[in-house]
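A note on names: the letters A, B, ... follow the listed sequences, proteins ahead of strands, and every chain is numbered from 1. Note that the structure is a prediction, hence the values are computed from the model and not measured.
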Amino acid sequence: MQPASPTKTPTQAQSAAPKSEGGVSATAAYKDGTYSGSGTNRFGTVEVAVTIKNNKIASVEITRCATRYPQRVIDKLPSQVLEKQSGEVDVVSGATRSTEDFQNAVRAALAKAKA
Amino acid sequence: MSSEGSGMNGEARYRLTTRHKRFMDTIVTIHIADAESSANDPRMEQAFEAFAHVERVCSRFRPDSELRRLCDRAGQPVVVSGLLFEAVRFAILLARETDGAFDPTIGRLMQEVGFDREYISGERTAPAIAEDEADSVSIANWKDVIVRETDRTITLKRPLVLDLGAVAKGLAVDLAALSLRGLPGFAIDAGGDVFVSGLNADGEPWRVGIRHPLQPDGNIAVLRLTDAAVCTSGGYERISRTQSETHHLLDPRTGRTANTLISSTVVAPYAMTADAYATAAFILGHSEGIALLEETGLDGMLIAPDMTIYTTSNFKRDVL
């Protein structure tokens with residue numbers, strides 16, 4: 001995973017408002033602002049912009065998603081459904097292809113946002 | 001992110017506009033195929049807003065969700081929003097139909113095996129359950145949820161944790177699809193819950209790949225579809241943080257990971273139906289799973305760990 005760098009200077013840092021929901025220790029205090037992060041795995045690279053408002057994640061938008069869709073030749077699969085294998089698809093069901101790198105990207109951005 | 005492109009061969013009939021956003025602990029992608037660029041089409045924003053709305057109502061991970069507030073008020077009838085009512089009503093219907101193989105009261109069990117936080121951010125957000133309630137919660141099942149249409153109330157007969165994970169995402173896809181109605185073509189992908197409508201940028205039915213359960217970057221089949229939802233549940237997707245052999249598809253009847261299948265795909269008119277039935281079939285296994293789909297009139301494909309593939313009789317109709 002690549003290191004994250006803030007795209008925008010965080011807005012006015014909030015004086016710590018450590019909010020704890022049900023005593024959960026993982027609740028971190030974040031500074032308002034928009035932070036970028038990126039994550040890479042073997043399927044591609046994802047960059048995100050995480051916006052923090054009032055110590056909460058207000059939005060996460062993917063700013064770049066360079067995900068490959070390699071279509072491997074699948075041989076020796078015993079199946080009636082492989083009558084034809086198309087090399088091109090518009091969308092994939094069951095795909096979580098960029099979830100891990102996305103998760104890493106968000107974490108990288110959140111690390112930057114920590115107060 | 002927003003990206004645009006034209007279809008293949010430089011002879012695109014439509015422009016393809018694609019945006020991604022993150023909701024409900026997953027990545028939501030919307031593609032619009034239209035004669036004009038749809039980058040600024042307000043329907044795109046409205047479609048994303050459907051996900052935000054369903055998440056506010058149905059999330060097990062948000063302390064302020066309507067679902068969590070309902071779970072805090074066990075023992076009394078609670079009037080709920082139409083959206084939450086429909087999601088719970090549908091989940092309970094399917095629980096009855098599958099005799100509890102599908103069970104939305106599985107939330108507590110999910111927490112126990114480590115699904116106690118958002119998958120993507122890693123933030124721990126599950127509700128704490130008091131010690132003295134713990135026994136009661138672990139024996140709760142779908143029969144403890146009373147859904148009454150006349151006054152739109154839901155009563156939890158004992159403390160329990162509802163999990164609408166297999167319903168809410170599909171419901172959000174269906175609502176997003178309503179926002180996009182009227183466009184010549186669109187496809188919505190919410191972490192593998194797919195809905196396609198109209199035609200793709202090449203003026204053809206959409207090509208929906210079914211992820212290969214053992215090769216994450218390959219497809220095991222490609223479907224040509226329009227105006228249909230496809231959902232694939234797989235044990236390969238989300239692994240418990242605390243128990244590496246445990247994935248997110250638990251059998252409510254045993255409390256353990258369902259392991260007789262590795263992938264379950266359902267094609268249905270609505271994403272909520274496709275998602276919930278894919279989950280139910282996954283837990284039931286190939287024999288009962290295929291029977292459930294045939295009885296319901298849905299198409300599907302189930303894959304066993306040895307890669308034996310079982311399909312409903314009409315499934316091949318859609319395969320490229």
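Judged purely by atom type and a 3.5 angstrom limit, A/Ser93 uses its side chain to pair as donor or acceptor with the backbone of B/Thr232.
Taking each heavy atom of A/Val92 and B/Asp189 in turn, the nearest pair found is O-OD2, 3.8 Å.
Listed by chain and number, the residues in a side-chain contact (heavy atoms from CB on, under 4.5 Å) with B/Arg56 are B/Glu49, B/Ala52, B/His53, B/Arg62 (sequence neighbours excluded). With sequence neighbours left out, B/Phe48 forms a side-chain contact (heavy atoms from CB on, under 4.5 Å) with B/Arg19, B/Lys21, B/Phe23, B/Val28, B/Ile30, B/Met44.
Once rounded to the nearest 0.5 Å, the distance linking CZ of B/Arg224 with CG of A/Asp90 reads 7.0 Å.
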